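This report concerns only the one structure given below.
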Amino acid sequence: KEKEAVEARVAQQIQKVQPAPQAAPVAPGGSCQDWMTQAGITDQANAYVIIMRESGCNPNSVNRSSGACGIPQALPCSKLGTSDPVEQLRWMQNYVVGRYGSWAGAVAWWNSHHWY
């Protein structure tokens, strides 16, 4: 039942996030959706699911137990190489597409393994 409740909450989050039209570059003070748009992420609904589960879209996030950091929770942290949220999301986009084929593939993996 707990898994069904989590999946229902995630489905509600996905429905709230609509892909944004291509926008002009934003300052790092923008929103997570602004950063995703600027990073070229087109599947923002699935990206949002992974991003919120991993870091809450906090570019300064650090996992206390593993040391993974940034929006993508890169491990080791040195792989990321930047504190800029747009650059972190570009790195994450390349990682997700390279490893899972798509953001939807990453969500499916996360749903099965509870990590990506």
Side-chain angles (χ1 to χ4, degrees):
K1 277 191 161 194
E2 184 177 337
K3 183 180 177 183
E4 292 172 352
V6 170
E7 289 175 358
R9 285 193 302 270
V10 169
Q12 289 173 342
Q13 289 176 341
I14 291 170
Q15 290 174 353
K16 291 178 185 176
V17 178
Q18 297 297 320
Q22 196 65 11
V26 296
S31 71
C32 190
Q33 187 173 5
D34 292 337
W35 299 337
M36 286 191 289
T37 299
Q38 190 173 0
I41 297 172
T42 56
D43 185 359
Q44 291 188 8
N46 281 309
Y48 184 81
V49 170
I50 296 292
I51 290 165
M52 296 311 288
R53 287 175 178 173
E54 291 298 314
S55 66
C57 207
N58 178 354
N60 301 309
S61 177
V62 177
N63 183 307
R64 286 179 272 180
S65 63
S66 71
C69 73
I71 294 171
Q73 291 295 279
L75 187 63
C77 193
S78 59
K79 280 200 268 187
L80 199 51
T82 182
S83 61
D84 181 277
V86 174
E87 290 303 315
Q88 287 186 14
L89 287 167
R90 284 187 183 126
W91 183 93
M92 190 176 189
Q93 167 89 355
N94 289 331
Y95 175 81
V96 164
V97 171
R99 181 166 178 136
Y100 304 102
S102 67
W103 286 99
V107 169
W109 176 270
W110 203 103
N111 287 339
S112 296
H113 299 86
H114 303 288
W115 61 273
Y116 91 114

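If you're wondering where the values come from, they're calculated on a predicted model, not measured in any experiment. When a residue number appears, it is its place in the shown sequence, counting from 1.
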- [ ] Using a 4.5 Å cut-off on heavy atoms from C-beta on, say whether the side chain of Met92 contacts that of Gln73.
- [x]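 Answer no - side chains too far apart.
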Open item on the list: Any heavy-atom pair between the side chains of Trp35 and Pro59 that's under 4.5 Å?
Closed with: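 In short, these two side chains touch, coming nearer than 4.5 Å.
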- [ ] For the residue pair Trp110 and Glu54, confirm or rule out a side-chain donor-acceptor distance under 3.5 Å.
- [x]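 Per modelled atom types, Trp110 and Glu54 side chains form a pair under 3.5 Å.
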Task: Any side-chain donor near an acceptor of the partner, Arg53 and Asn111, under 3.5 Å - done: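 Present: a donor and an acceptor within the cut-off.
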Open item on the list: If hydrophobic clusters are built from ILVMFWY residues whose side chains come within less than 4.5 Å, do Val62 and Trp91 share one?
Closed with: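 Per the 4.5 Å side-chain linkage, Val62 and Trp91 are not co-clustered.
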If you take all heavy atoms of [X] and [Y], which pair is closest and at what distance?
X	Y	answer
Gln38	Arg90	O-NH2, 3.1 Å
Leu89	Ala39	CB-CB, 3.7 Å
Ala106	Ile50	O-CD1, 3.7 Å
Leu75	Ser66	CD1-O, 3.3 Å

Task: Asp43, Ile51, Ile71, Val86 screened by side chain to side chain contact (heavy atoms under 4.5 Å, CB included) with Met36, the one that passes - done: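 Among Asp43, Ile51, Ile71, Val86, the one meeting side chain to side chain contact (heavy atoms under 4.5 Å, CB included) with Met36 is Ile51.
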Open item on the list: Applying side chain to side chain contact (heavy atoms under 4.5 Å, CB included), can you list everything that pairs with Thr82, at least two apart in sequence or on another chain?
Closed with: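 Partners of Thr82 under the side chain to side chain contact (heavy atoms under 4.5 Å, CB included) test: Asp84, Glu87, Gln88.
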TODO: Check side chain to side chain contact (heavy atoms under 4.5 Å, CB included) between Gln93 and all other residues, then give those that pass, not counting sequence neighbours.
DONE: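 Partners of Gln93 by the side chain to side chain contact (heavy atoms under 4.5 Å, CB included) criterion, ordered by chain and then number, come out as Ile41, Val97, Trp103.
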- [ ] In sequence, state the C-alpha distance, the side-chain angles, and the governing distance for Asp34 and Ser31, and then conclude on side chain to side chain donor-acceptor pair (under 3.5 Å).
- [x] CA-CA 5 Å; Asp34 292 337; Ser31 71; 3.3 Å; yes
Task: Parallel, tilted or perpendicular: rings of Trp109 and Tyr100 (30°, 60°) - done: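 Plane angle between 30° and 60°, so tilted.
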- [ ] Keeping the roles fixed (side chain from Tyr116, backbone from Pro72), state whether a donor-acceptor pair exists under 3.5 Å.
- [x]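 Indeed, once roles are kept as given, a pair shorter than 3.5 Å links the two residues.
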Open item on the list: Nearest 0.5 angstrom please: Asn60 CG to Cys69 SG, how far?
Closed with: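 Rounded to the nearest 0.5 Å, the CG-SG separation comes out at 9.5 Å.
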